[in-house]
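The first residue of the sequence shown is numbered 1, and numbering continues consecutively from there.
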Amino acid sequence: MFSADDHRYMARALELARRGLYTTTPNPRVGCVIVRDGSLAGEGWHEEAGAAHAEVNALAAAGARARGATAYVSLEPCVHHGRTAPCADALAEAGVARVVAALQDPNPQVAGKGIGKLREKNISVATGLLEYEARELNIGFISRMTRGRPWVRVKLAASLDGKTALLNGRSRWITGEAARRDGHHWRARACAVLTGIGTVRDDDPQLTVREVATTRQPLRVVVDSRLEIPLAARVLEGGRVLVAAAREDRSKIAALKARGAAVIVMPNSAGKVELGGLFRELARREVNEVHVEGGYRLNGSLLREGLVDELVAYLAPSLIGDAARGMFDLPELEDLSGRRELRIHDLCMIGTDIRVIARFVEPLT
């Protein structure tokens with residue numbers, strides 16, 4: 001169905017889409033390549049929310065050469081009016097003869113309507129080329145559109161015996177500088193970085209992106225059931241902070257707002273933060289990917305409630321000992337049949353440490 005040239009040009013469209021890895025949120029990362037008579041006519045990508053979409057940029061580059069051409073786009077062209085005009089209309093008006101889309105847009109406002117409109121204009125449309133790669137690039141956007149919650153990625157830094165901190169909470173630094181720098185890439189691509197009050201107390205982190213060039217900082221979220229966060233905490237510096245609590249404390253809430261933080265109160269039946277509700281709220285705020293850098297208690301709570309999609313674990317070539325803290329606070333199993341199985345998605349060396357990316361064999365939700 002697809003030729004070698006089709007594969008080559010779609011691969012280029014995906015390569016262009018990756019240029020928006022840190023900048024397009026809450027929109028998907030999309031690239032477009034326009035080819036006429038076997039040669040490149042124009043290309044473009046969606047650079048940031050509110051700016052022109054990939055197809056519009058590629059059409060501008062192609063000019064009159066777009067007529068009769070094939071457009072390779074990593075996501076179905078949009079058909080609705082948002083901050084920009086519909087791309088399906090732009091492609092039709094430019095006289096494009098064929099559109100190859102890697103992936104159908106999961107946004108209910110599009111979801112096949114873009115393909116339908118193109119076909120109504122007698123434009124040949126094919127889908128599914130390099131679909132897996134396109135899905136991976138926009139896994140958070142797809143999660144938000146189809147599940148109503150972000151893709152949740154838990155980052156772990158541990159010794160080879162699986163310990164993430166000493167018993168007293170100290171964890172700086174288990175892994176090496178290269179692994180810490182790599183962790184900032186995951187922060188940078190996320191819409192939000194989430195931690196718990198325990199990590200704030202023990203490490204006083206900033207949770208900002210510092211090792212990667214980026215034009216934006218993700219939202220920082222602190223899960224703090226009893227509103228114990230110190231007003232001098234470094235995470236409160238620089239704005240764009242959301243504190244999720246389980247109780248009303250008007251004076252503390254007012255003090256946090258004076259520091260520039262937003263506060264939401266959403267208790268569960270146990271007097272803790274309703275984590276599922278928190279992620280639904282983050283999705284409502286157009287958060288696609290959540291990068292978790294918490295302690296073993298928060299990690300365990302997220303896992304128990306079925307809210308973890310992916311683990312990014314850095315394993316250092318060292319041993320800390322049995323008394324130190326592990327990765328997850330989970331109840332003891334009496335039988336191995338109760339374990340959660342993972343599939344290794346990626347494995348590589350980052351400096352002197354091993355990075356393991358793993359996903360659950362059976363989806364948590």
R325 side-chain N/O to R297 backbone N/O, donor-acceptor pair under 3.5 Å = no

Original post:
Has R98 got more than 12 heavy atoms of other residues, nucleotides or ligands less than 6.0 Å from its CZ?
Top reply: yes

The reported gap from CD1 in I174 to CD1 in I320 (rounded to nearest 0.5 angstrom) is 4.0 Å

- Query: Under 4.0 Å between a Lys/Arg side-chain N and an Asp/Glu carboxylate O for R359 and E136?
  - Reply: yes

- prompt: Do N57 and W45 come close enough that some side-chain heavy atom pair is under 4.5 Å?
  reply: no

I'd like to know if R284 pairs up with E281 as an ion pair, taking the criterion as any Lys NZ or Arg NE/NH1/NH2 lying under 4.0 Å from an Asp or Glu carboxylate oxygen. yes

Practice prompt. Please confirm whether the backbone N or O of E48 pairs with a side-chain atom of T23, one donor and one acceptor, at under 3.5 Å?
Written response: no

Margin query: For a side chain to side chain contact (heavy atoms under 4.5 Å, CB included) check, start with the C-alpha distance between R189 and R153, then their side-chain angles and the critical distance, and finish with the verdict.
Written below: CA-CA 11 Å; R189 70 170 284 168; R153 180 180 293 117; 4.0 Å; yes

Exercise. Look at the side chain of D204 and the backbone N and O of A233, then say whether any donor-acceptor pair between them is shorter than 3.5 Å.
Key: no

Hey, is the main chain of A188 close enough, under 3.5 Å, to the side chain of R216 for a donor-acceptor pair? yes

Flag for S337-D335: side-chain donor and acceptor within less than 3.5 Å | yes

**Prompt:** Backbone N or O of Q109 within a donor-acceptor pair of the N107 side chain at under 3.5 Å?
**Reply:** yes

Q) Would you find a donor on one side and an acceptor on the other, under 3.5 Å apart, between the side chain of D353 and the backbone of Y314? A) no

For R29 and S74, test the side chains for any donor-to-acceptor distance below 3.5 angstrom and give the result as yes or no.
-> no

Residues at least two apart in sequence or cross-chain that pass side chain to side chain donor-acceptor pair (under 3.5 Å) with R210, listed by chain then number, are T208

Residues L16 and C32: closest non-hydrogen pair is CD1-O, 3.7 Å

Short side-chain to backbone donor-acceptor contact, E76 and G112, under 3.5 Å
yes

For D346, does the CG atom have more than 12 heavy-atom neighbours from other residues, nucleotides or ligands under 6.0 Å away? yes

Does a salt bridge link R234 with E237, judged by any charged N lying under 4.0 Å from a carboxylate O?
no

Minimal heavy-atom distance between D309 and P150, with the atoms involved, is OD2-O, 3.8 Å

Quiz item: Are the side chain of K252 and the backbone of I229 linked by a donor-acceptor contact shorter than 3.5 Å?
Solution: yes

Checklist line | Side-chain donor/acceptor of R119 to backbone N/O of V125, under 3.5 Å | finding: yes

*Using a strict cut-off of less than 4.0 Å between a Lys/Arg side-chain nitrogen and an Asp/Glu carboxylate oxygen, indicate whether K155 and D182 qualify as a salt bridge.*
no

**Whether S318 side chain and S159 backbone form a donor-acceptor pair below 3.5 Å** = no

Side chain to side chain contact (heavy atoms under 4.5 Å, CB included) between R304 and L330, worked out | CA-CA 7 Å; R304 286 195 302 273; L330 295 172; 3.6 Å; yes

Please determine whether side chain to side chain contact (heavy atoms under 4.5 Å, CB included) holds for the pair T195 and V223, giving the CA-CA distance in whole Å, both sets of side-chain angles, and the decisive distance to 0.1 Å. CA-CA 6 Å; T195 194; V223 178; over 6 Å; no

Please check if atom CD in E228 has more than 12 non-hydrogen atoms from other residues, nucleotides or ligands closer than 6.0 Å.
yes

